[in-house]
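Here the structure comes first, spelled out in structure tokens, and everything after it is commentary.
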Amino acid sequence: MILYYSLKEGILYTLLGIIITLSILIALAALYTVFKPRIQFTVTGLDSGFSFSDVNMLWEVAQICELDQPNSLFYSMPALTKCMTQISNQAQSEGTDQSAKIQKLMSKLFDYRTKIQNDSDDKKGLTSTKSLDKGQTLRIILPGKGVFVSEIVNNGSQLVISIPKQKGIIPISGDEWVGKVISVYLWRKGDARYVFDTTVLQHGLFLGKSAIYLKHSVNLVRTQKRKSVRAKCEIYGTLYIMKKNSEDMTTIETKNGYRCLIEDVSESGALIRIGGKGAENVKIKLQYSIQNKLILMAGVIRTVDFNEAKNQSLLHFECTNIDPIMRNEVLSFVYNMLPENEKEVLEAISQTEDDFKQDDSFQEESVKETESISNPQNEENTPESPEAIIDTNVDIDEENNITF
């Protein structure tokens, strides 16, 4: 009898254990069903090399945008950009676009977007000098003689470049370059800095001008990748020279400054055109507007390309200080996230500018105006050597403007 009850009790405990186990399995299956999309999303992201924080952020974005295929955020740039646009537009319509939460999310998304863009650019790097474009500026090191500047005038079976110069003059004739082993540095627009070694094969004439011929190379080293994505633009802005190290970089300027034209822009810098001769290592503030919102950047002019014939300079500006909200505005512009109605306005403006360029009666006047830049009337705003951003001997107009 005791054995009977013992067996019965054992069976009951076994059945109870089975029931509990089945209940747990059913609960786990139900939980898996509920969280299956999130689990699959996380596994896919981690398997693809994304960090856990990136995966969590992108899942949040997918839920906000109600994506049918959340995994597309791992491989589709259009899907990511569409979501970013949707979040930005929704926040603007709700009046929460300036909130700390939205700004933090957008900053993370922009950083992620830039990372993906740069990863994509890595696959587009140069593999041969045969891919270099005519007009590409080259910096050439001739051992024992210093650094020279030249540019590509033709790219065929050999790389044909102009006779290298130093400070605007030709200290070494074309014949003297023949047989020399040189190091060539270049910055490929929108890409990176490259360097390669090659040999000067011969000297001769190309289209009636003296040139030297270089041997092609497939050993290009990509030495510096641009960390931010830049967008070409035509935005008028104002430059202000910072004369004191203690000057507040976040203060909006209201006094007269130097009018300029911004030709490309990113959150980390810009390419700026001015009249006159620019100077390197000058600290400046750059103010301009995007979507009727003021942007203030502070930083340093790293390099200057001066066109003596046009009496104009291209300033390569590195931004070292920008407000986070303004940074997101710049990135929104760079990634073409303007609302549809504003895109239409910009398209209309662009078309009317094209019409203006085709009007021959305005061309002569436009060319004359291109080289003018003004000097601020206020004496304390006038640049002084050696920190002048432009050559103070250049004639400048009274309205402090430069037109293009």
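Asn155 contributes atom CG, which lies 4.5 Å from atom NE2 of His216 (distance to the nearest 0.5 angstrom). With values rounded to the nearest 0.5 angstrom, Cys83 atom SG is found 11.5 Å from Glu60 atom CD. Atom CD of residue Glu253 and atom CG of residue Leu294 lie 11.0 Å apart, to the nearest 0.5 angstrom. If you take CG on Leu331 and CE on Met84, they are separated by 7.5 Å, rounding to the nearest 0.5 Å. The distance from the CG atom of Leu261 to the CD atom of Glu234 is 6.0 Å, given to the nearest 0.5 Å. Atom CZ of Arg327 sits about 8.0 Å away from atom CD1 of Ile322, to the nearest 0.5 Å.
Remark: Lys293 NZ is packed, more than 12 non-hydrogen atoms of other residues, nucleotides or ligands lying under 6.0 Å away. Within a 6.0 Å radius of CD in Glu94, more than 12 heavy atoms belonging to other residues, nucleotides or ligands are found.
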> Should Thr250 and Asn321 be marked as a side chain to side chain donor-acceptor pair (under 3.5 Å) after you check the CA-CA gap, both sets of side-chain angles, and the distance that decides it?
Replying inline: CA-CA 8 Å; Thr250 63; Asn321 187 82; 6.0 Å; no

>> What verdict does the side-chain contact (heavy atoms from CB on, under 4.5 Å) test give for Gln103 and Asn328, after you've listed the backbone C-alpha separation in whole Å, the side-chain angles of each residue and the deciding distance to 0.1 Å?
In response: CA-CA 8 Å; Gln103 288 296 322; Asn328 285 343; 2.6 Å; yes

>> Could you go through Leu105 and Ile64, starting from their C-alpha distance and side-chain angles, then the distance that decides it, and tell me whether this counts as side-chain contact (heavy atoms from CB on, under 4.5 Å)?
In response: CA-CA 12 Å; Leu105 176 61; Ile64 293 174; 4.1 Å; yes

>> Let's go through Ile182 and Leu214 carefully: what are the C-alpha distance in whole Å and the side-chain angles of both, what is the deciding distance for side-chain contact (heavy atoms from CB on, under 4.5 Å) to 0.1 Å, and is it a yes or a no?
In response: CA-CA 9 Å; Ile182 59 176; Leu214 310 182; 4.0 Å; yes

> Step by step, would you call Ser162 with Phe206 a side-chain contact (heavy atoms from CB on, under 4.5 Å)?
Replying inline: CA-CA 9 Å; Ser162 60; Phe206 183 81; over 6 Å; no

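Side-chain N or O atoms of Ser128 include none that pairs as donor or acceptor with a backbone N or O of Val218 at under 3.5 Å. No donor-acceptor pair closer than 3.5 Å links the side chain of Glu318 to the backbone N or O of Ser268. Without hydrogens or angle criteria, Gln166 side chain to Lys145 main chain gives a donor-acceptor distance under 3.5 Å. Distance alone, capped at 3.5 Å, places no donor-acceptor pair between the Tyr185 side chain and the Ile141 backbone. With hydrogens and angles ignored, the 3.5 Å screen pairs a side-chain donor or acceptor of Lys285 with a backbone N or O of Thr251. Here the side chain of Ser150 pairs no donor or acceptor atom with the backbone of Ile163 at under 3.5 angstrom. Checking side-chain atoms of Asn307 against main-chain N and O of Gln312 turns up no donor-acceptor pair under 3.5 Å.
Between Ile87 and Leu109 the shortest side-chain heavy-atom distance falls below 4.5 Å. Side-chain contact between Asn281 and Ile301 is absent, with no heavy atoms from C-beta onward closer than 4.5 Å. Looking at heavy atoms from C-beta onward, Trp177 lies out of side-chain contact with His203 at the 4.5 angstrom threshold. No side-chain heavy atom of Val153 sits under 4.5 Å from any side-chain heavy atom of Leu207. Considering only heavy atoms from C-beta on, Phe148 comes within 4.5 Å of Leu142 through its side chain. Within the 4.5 Å cutoff, no side-chain heavy atoms of Thr198 are placed close to those of Leu159. Looking at heavy atoms from C-beta onward, Tyr258 lies out of side-chain contact with Ile284 at the 4.5 angstrom threshold. Side-chain atoms of Arg139 and Trp187, non-hydrogen and from C-beta on, never get closer than 4.5 Å to each other.
With sequence neighbours excluded, no residue satisfies ring-ring contact (aromatic ring centres under 6.0 Å, His included) with Phe196. In this structure, the side chain to side chain contact (heavy atoms under 4.5 Å, CB included) partners of Gln202, at least two apart in sequence or on a different chain, are Gln158, Tyr213. Not counting sequence neighbours, the partners of Gln136 by the side chain to side chain contact (heavy atoms under 4.5 Å, CB included) test are Leu138, Ile152, Leu186.
A cation-pi arrangement is present between Lys277 and Phe306, with the terminal nitrogen or guanidinium carbon under 6.0 Å from the aromatic centre and inside a 45° cone about the axis.
In terms of heavy-atom proximity, Ile274 sits nearest to Cys260 at CG2-CB, 3.9 Å. Among all heavy-atom pairs drawn from Ile170 and Pro164, the shortest one is CG2-O, 4.1 Å.
Looking only at atom types and distance, the side chain of Asp197 has no donor-acceptor partner in the side chain of Ser217 under 3.5 Å away.
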